[in-house]
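Structure record follows, encoded as structure tokens.
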Amino acid sequence: MQIIIINGPNLNLVGEREPDIYGVIGFDQYIPVLQAKFPDHTISYFQSNVEGELINQLHASRKEADAIVLNAGAYTHTSLAIGDAVASLQIPVIEVHMSNVFAREEIRHHSFISKYAKAVVCGMGLQSYEMAIRFLTASV
Ligand code: DQA
């Protein structure tokens, strides 16, 4: 499978940003580790802090990928446009969050994406991504 991870705003700073919530390992370090766990599949990575760029990448991924693992960061809770983009896709989208958004401020409890996601994983740190890919690539 060709799987793309799409990360939204501020996730480029994981590793430095609020380490008590997001840990001390960044995606530069983690993506090769993740790829090594799934040698039969190809994992690509895209991150942007810009809402429209995330939407453009979601559109492009419908032709380039078999599935999307999406952490839209704070746009999860604010962006009707990203929700609409996900709704328009035929390929599966797994919504992920590193933190348990339901244990945080109430504004983080609502997602514009969940309704259109095949599954939602949250609260497992970087392992949320691994769990999403494990689900997508499972043959059962
Ligand atoms: C996040 C949770 C969001 O509420 C937050 O705005 C983020 C990261 C997570 O991975 O836990 O930027 O999506």
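Both ligands and their constituent atoms are indexed starting at 1 by order of listing. In what follows, residues are counted from 1 in the order of the sequence shown.
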Do [X] and [Y] share a hydrophobic cluster (ILVMFWY, side-chain heavy atoms under 4.5 Å, transitive)?
{"X": "I68", "Y": "I94", "result": "no"}
{"X": "L54", "Y": "I43", "result": "no"}
{"X": "V69", "Y": "L126", "result": "yes"}

Identify the closest protein heavy atom to [atom]: which residue and atom is it, and at what distance?
{"atom": "atom 6 (O) of ligand 1", "result": "R108 NH1, 3.0 Å"}
{"atom": "atom 11 (O) of ligand 1", "result": "S99 OG, 2.6 Å"}
{"atom": "atom 7 (C) of ligand 1", "result": "Y22 OH, 3.5 Å"}
{"atom": "atom 3 (C) of ligand 1", "result": "H77 NE2, 3.5 Å"}
{"atom": "atom 12 (O) of ligand 1", "result": "R17 NH2, 3.0 Å"}

Test your reading of the model: is there a side-chain donor-acceptor pair from [X] to the backbone of [Y], 3.5 Å cut-off?
{"X": "Y75", "Y": "I82", "answer": "no"}
{"X": "S128", "Y": "G125", "answer": "yes"}
{"X": "E95", "Y": "V120", "answer": "no"}

Before signing off on this row, confirm whether R104 and ligand 1 have an N or O atom pair separated by under 3.5 Å.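 No, there is no polar N/O contact under 3.5 Å.
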Can you find an N or O of M98 that's nearer than 3.5 Å to an N or O of ligand 1?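 Looking only at distances, the answer is yes, because the N/O contact criterion of under 3.5 Å is met.
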Heavy-atom distances under 4.0 Å are what count here, so tell me which part of [X] touches ligand 1: side chain, backbone, both or neither.
{"X": "V101", "answer": "side chain"}
{"X": "H97", "answer": "both"}
{"X": "V96", "answer": "neither"}
{"X": "H109", "answer": "neither"}

If we only consider heavy atoms of N71, is any one of them less than 4.0 Å away from an atom in ligand 1?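 So N71 counts as touching ligand 1.
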Heavy-atom pair with the smallest gap, counting every atom of A72 and P9: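 Closest heavy-atom pair between A72 and P9: O-CD, 3.4 Å.
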Side-chain donor-acceptor contact under 3.5 Å, Y22 with N10: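 Result is no, nothing qualifies.
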